[in-house]
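Some notes on the structure that comes next.
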Amino acid sequence: VGKEQSNKEYERRLFDEINNFFNKLLFWNKDDNQNATIKFITSSIIEYSHFMEHWYKMKFNGNSIFAIAVYLYNRSNIYEIEEGNYIKLGNYVKNYCERQNKIAKKILEMLEKKIDINLKNEDEWLFTLYLKSQFQELNKSRPQCIILAHGYATASSIGNTVNQMIEDH
């Protein structure tokens, strides 16, 4: 029980940090958000998200797609894993995130080819952890509410905020 509980606490802290990081990306410099490269990366992620939703039964939302696009565009300038956490993070992903890691690798392999970038292990690990923290299986449960709104990602933004507040989907 002790080791399982310490893993749960580590996971909770890790997910909090990753979610905070990706939430900050949503408010990245607005001038960059109009960049044609970010638009291309976003459309590529949307294209692959449909494939992943069908095959892996995972649901992507507008905010997560945009945050991933901004991360891929600016990744060399915005995040560095401390050396002491590098091995621990890699081991955690290998031991506790096998399914999400397979999905992350598949998406990132397709994106590497399409948008011509070279990703590192830490990119894969961050993306894996983001997947595990954000996405729920489509058939896991019935929705508790439905949010309708006009505008790009408005409803998903409201839903994500509520999910974070209640710490559940």
Side-chain angles (χ1 to χ4, degrees), residues 3-26 41-76 78-115 117-144 153 156-157 159-169:
K3 185 175 181 172
E4 183 178 319
Q5 195 165 19
S6 66
N7 279 340
K8 289 287 184 192
E9 178 61 25
Y10 176 73
E11 185 176 272
R12 187 192 60 73
R13 286 190 329 228
L14 196 57
F15 289 172
D16 285 347
E17 185 174 332
I18 293 209
N19 286 324
N20 287 336
F21 170 68
F22 276 93
N23 284 338
K24 287 178 187 173
L25 291 177
L26 293 174
I41 294 170
T42 302
S43 67
S44 299
I45 295 170
I46 290 170
E47 177 185 329
Y48 294 131
S49 71
H50 297 301
F51 167 78
M52 302 313 279
E53 285 176 355
H54 174 74
W55 286 102
Y56 293 103
K57 306 298 184 220
M58 303 202 70
K59 182 70 177 152
F60 290 79
N61 64 52
N63 279 346
S64 61
I65 289 172
F66 185 71
I68 292 165
V70 172
Y71 170 76
L72 291 173
Y73 178 72
N74 293 297
R75 76 191 209 303
S76 60
I78 58 178
Y79 198 83
E80 180 115 5
I81 298 174
E82 294 175 14
E83 192 172 328
N85 292 328
Y86 187 84
I87 293 172
K88 187 174 182 180
L89 188 62
N91 286 335
Y92 182 82
V93 167
K94 289 173 188 165
N95 293 324
Y96 298 102
C97 307
E98 186 177 344
R99 179 174 185 259
Q100 292 84 1
N101 190 241
K102 285 180 184 178
I103 296 168
K105 280 182 180 181
K106 188 72 160 172
I107 292 174
L108 293 176
E109 283 173 6
M110 291 187 288
L111 286 171
E112 270 186 317
K113 292 174 187 168
K114 181 148 187 171
I115 61 177
I117 59 172
N118 293 316
L119 299 171
K120 299 184 270 184
N121 285 336
E122 52 264 35
D123 297 320
E124 177 188 315
W125 297 338
L126 286 172
F127 189 51
T128 297
L129 293 167
Y130 188 62
L131 284 177
K132 186 168 183 171
S133 71
Q134 290 294 302
F135 303 123
Q136 60 186 351
E137 294 184 22
L138 290 175
N139 297 326
K140 189 174 182 180
S141 65
R142 293 182 40 199
Q144 299 298 312
S156 59
S157 295
N160 286 339
T161 301
V162 171
N163 289 342
Q164 286 179 339
M165 290 173 66
I166 64 171
E167 295 180 358
D168 198 0
H169 286 279

Between Y92 and E11: side-chain donor-acceptor atoms closer than 3.5 Å: yes
Stepwise, does the side-chain contact (heavy atoms from CB on, under 4.5 Å) test hold for K94 with N101? CA-CA 8 Å; K94 289 173 188 165; N101 190 241; 5.9 Å; no
Would you please say whether a donor-acceptor pair under 3.5 Å links the side chains of D123 and Y71? yes
Distance, nearest 0.5 Å, that separates NZ of K24 from CG of N19: 12.0 Å
Output all residues satisfying side chain to side chain contact (heavy atoms under 4.5 Å, CB included) with N121, sequence neighbours left out; order by chain, then residue number. Y86, W125
So CD1 of I68 and CG of L25: to nearest 0.5 Å the spacing works out to 10.0 Å
Rounded to the nearest 0.5 Å, what's the gap from CD1 on I45 to CD1 on I65? Could you check? 7.0 Å
Working for side-chain contact (heavy atoms from CB on, under 4.5 Å), residues S64 and F22: CA-CA 8 Å; S64 61; F22 276 93; over 6 Å; no
What I want to check is whether the side chains of N118 and E112 have a donor and an acceptor closer together than 3.5 Å. no
N-O pairing of E109 and K113 below 4.0 Å: no
Given salt bridge (Lys or Arg N to Asp or Glu O under 4.0 Å), test E17 with R13 step by step and report yes or no. CA-CA 6 Å; E17 185 174 332; R13 286 190 329 228; over 6 Å; no
First locate atom CG of D16, then atom CZ of F21, and finally report the distance between them rounded to the nearest 0.5 Å. 15.0 Å
About how many Å separate CD of E98 and CD1 of I103, when rounded to the nearest 0.5 Å? 11.0 Å
Carefully, step by step, assess L119 and L111 under the rule side-chain contact (heavy atoms from CB on, under 4.5 Å). CA-CA 10 Å; L119 299 171; L111 286 171; 5.7 Å; no
Over all atoms of both residues, closest heavy-atom pair of A104 and E124: CB-O, 4.3 Å
Begin with the C-alpha distance, continue with both residues' side-chain angles, and end with the deciding distance and a verdict on side-chain contact (heavy atoms from CB on, under 4.5 Å) for L14 and L89. CA-CA 9 Å; L14 196 57; L89 188 62; 3.9 Å; yes
Y96 backbone acceptor or donor facing K132 side chain under 3.5 Å: yes
Could you check if a side-chain atom of K114 sits within less than 4.5 angstrom of a side-chain atom of Y48, using non-hydrogen atoms only? yes
One should read off an interatomic distance between I115 CD1 and I41 CD1, to the nearest 0.5 angstrom, of 4.0 Å
Compare all side-chain heavy atoms of F127 with those of K105 and state whether any distance is below 4.5 angstrom. no
